[in-house]
Amino acid sequence: MQSLRKRLVLAGLTAILVGSPYLTAHAATANAPTGQRLRNLAGNFLIGYAAMSNFNTASDSAKYQEVARTEFNFVTPENAMKWDATEPSQNNFTFGGADQLVNFAQANNQKIHGHTLVWHAQTPDWVTYGNWNSSTLTNVMYNHIDKVMNHWSDGQIYAWDVVNEAFEWNGTRRASVFQNVIGNSYIELAFRRARAADPVTKLIYNDYGIETVNSKSTGVYNMIADFKSRGVPIDGVGLQMHLSGTGIDYNSLAQNMQRFANIGVEVYITEMDVGISSTSSSNLTAQANVYSNVLARCKAQPMCKALQVWGIPDKYSWRTEHPLLFDDNYNAKPAYYAIQAGIGNGTTPTNTAVPTATRTAVPTATRTAVPTTVPGTATPVVPTSTPVAGAGCQVSYVLNQWGTGFTAEVTVKNTSTNAINGWALAWTFGGNQQVTNAWNATISPASGSVVASNVSYNASIPAGGSVSFGFQGSYSGTNSVPASFTLNGTTCSGS
Ligand code: G3I
């Protein structure tokens with residue numbers, strides 16, 4: 001993680017000089033925040049924090065715990081459940097720190113997010129430098145998953161980061177003892193074992209730098225889409241969200257979350273912090289705006305279930321750049337009030353447009369096709385989106401392709417003034433594309449001139465509304481966005 005830290009420190013951290021609705025009213029050093037506590041405003045939404053290991057022994061632990069229990073309904077141990085803490089030597093399991101936190105969380109009605117079972121870092125040397133072959137290391141990994149997960153009863157830990165940070169920036173697999181010795185299959189093996197150990201808990205893949213659509217997030221997406229298509233158990237993806245005051249492309253964040261949602265994967269913002277170079281007013285405002293925008297996109301996506309901040313006061317953060325919601329003295333910062341303002345219903349981003357794509361239901365169809373490439377080894381192509389405007393409909397077709405495989409995410413907007421009840425979107429593939437499976441639509445035939453028809457739960461498109469569906473396929477030669485579409489016989493292209 002040293003390189004990530006360096007990247008974040010060097011990231012420029014140029015503040016965005018925009019006016020803040022939060023700063024003026026709350027710049028004074030009020031020790032207790034004004035307004036309601038975050039967890040009281042959150043409803044079913046999970047607002048979480050990472051608990052430091054000495055949450056109950058630090059000199060200011062009373063204050064720390066007061067903020068922890070009053071503000072949050074979800075908690076991740078920052079370090080206490082990692083491999084070096086739970087199995088420091090082989091088959092010697094120690095849960096003292098983790099148990100204390102679990103007790104604290106349960107006493108305060110907080111759900112628990114376990115972090116993390118399999119990771120290249122904070123793994124003891126006896127694992128990293130052991131003399132393993134694939135079989136012996138797999139058994140070591142299985143034993144760790146079994147013993148750690150079974151220390152708590154089924155579902156007592158609401159969600160588990162099963163595998164953490166297994167991808168490189170270019171979307172390929174990161175080298176680690178697990179990757180090097182077991183190979184690509186280790187992630188799948190870990191998820192299958194975790195499901196066997198606890199059939200109730202949510203199983204999450206967690207990583208940094210996968211917040212927006214990019215090569216790394218596409219590598220992760222392809223792996224999870226493959227898992228979903230083959231029945232490998234996985235429930236969620238964790239977007240860590242270690243950012244700077246310049247923020248990220250929020251529309252790309254929304255697009256990224258939507259593609260995970262489309263394959264039935266929940267999204268968790270797992271480790272949010274926003275570094276700033278100083279606590280000047282403009283930097284604090286920029287920081288608040290980043291929190292506000294990320295929260296707004298998460299709240300706009302029904303499959304985004306949680307936002308967790310990676311610590312409580314700045315002084316205990318792993319970063320020196322004042323990245324959290326509370327300053328060193330537990331005073332709420334503008335970032336806190338940004339979360340407070342947005343965590344209820346009806347939140348609106350402060351400096352960019354709300355994405356217009358309609359959020360769709362979790363796909364219910366069973367997906368059986370097996371992708372033709374090994375996820376994680378392909379070279380992903382940056383997605384392209386081609387909006388096609390027409391009299392009564394507008395189509396967005398987002399293509400991700402690798403090797404000889406691809407996925408397409410299609411959003412159809414009804415731009416007429418009449419509702420549509422029952423829809424069929426037709427197009428002709430320009431090359432040798434073959435649809436292998438689809439979600440939120442039925443597609444027939446599989447190649448050539450095809451028609452995507454609604455399924456039972458998305459037949460209606462209100463005037464001005466839209467539906468989204470997607471499919472997976474293979475191709476040879478060129479794979480391009482179809483030239484035109486018709487919706488119920490009406491041409492959506494300009495022709
Ligand atoms: O507990 C020991 C202490 O006894 C010793 O005196 C001291 C000396 O360095 O080290 C203490 O352990 C440190 C531990 O944090 C607890 O403070 C480790 O050195 C230090 O490496 C460790 O850093 C953690 C880091 O993960 C390790 O990779 C950070 O607290 C933690 O915030 C950070 O969290 C990670 C997530 O797990 C995964 N995503 C990125 C995130 C940020 O790096």
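In what follows, residues are counted from 1 in the order of the sequence shown. First listed ligand is number 1; within each ligand, the first listed atom is number 1.
Proximity of N214 to S217: side-chain heavy atoms (C-beta onward) are separated by under 4.5 Å at one or more points.
Close N/O approach between N164 and ligand 1 is not found [any backbone or side-chain N/O within under 3.5 Å]. Backbone and side-chain nitrogen or oxygen atoms of W119 are examined, and none is located within less than 3.5 angstrom of a nitrogen or oxygen of ligand 1.
For an aromatic pair to be called close, the ring centres must be under 6.0 Å apart, and F95 with H151 satisfies this. The distance between the ring centers of Y208 and W169 falls below 6.0 angstrom.
Annotation: salt bridge (Lys or Arg N to Asp or Glu O under 4.0 Å) contacts of D198 (sequence neighbours excluded): none. Remark: A194 pairs with I145, M149, V162, L203 by the side chain to side chain contact (heavy atoms under 4.5 Å, CB included) rule, at least two apart or across chains.
Residue H242 has at least one heavy-atom neighbour below 4.0 Å for each of these atoms of ligand 1: 40 (C), 41 (C). For ligand 1, the atoms lying closer than 4.0 Å to a non-hydrogen atom of Q240 are 39 (N), 40 (C).
Of the options K305, K202, K228, R195, a salt bridge (charged side-chain N to carboxylate O under 4.0 Å, His left out) to D235 is made by R195 and by none of the others.
Residue H115 places a heavy atom under 4.0 Å from ligand 1. Residue contacts with ligand 1 do not include R319, since none of its heavy atoms lies under 4.0 Å from the ligand.
If you look at M52 next to ligand 1, there are no close heavy atoms at all, none under 4.0 Å.
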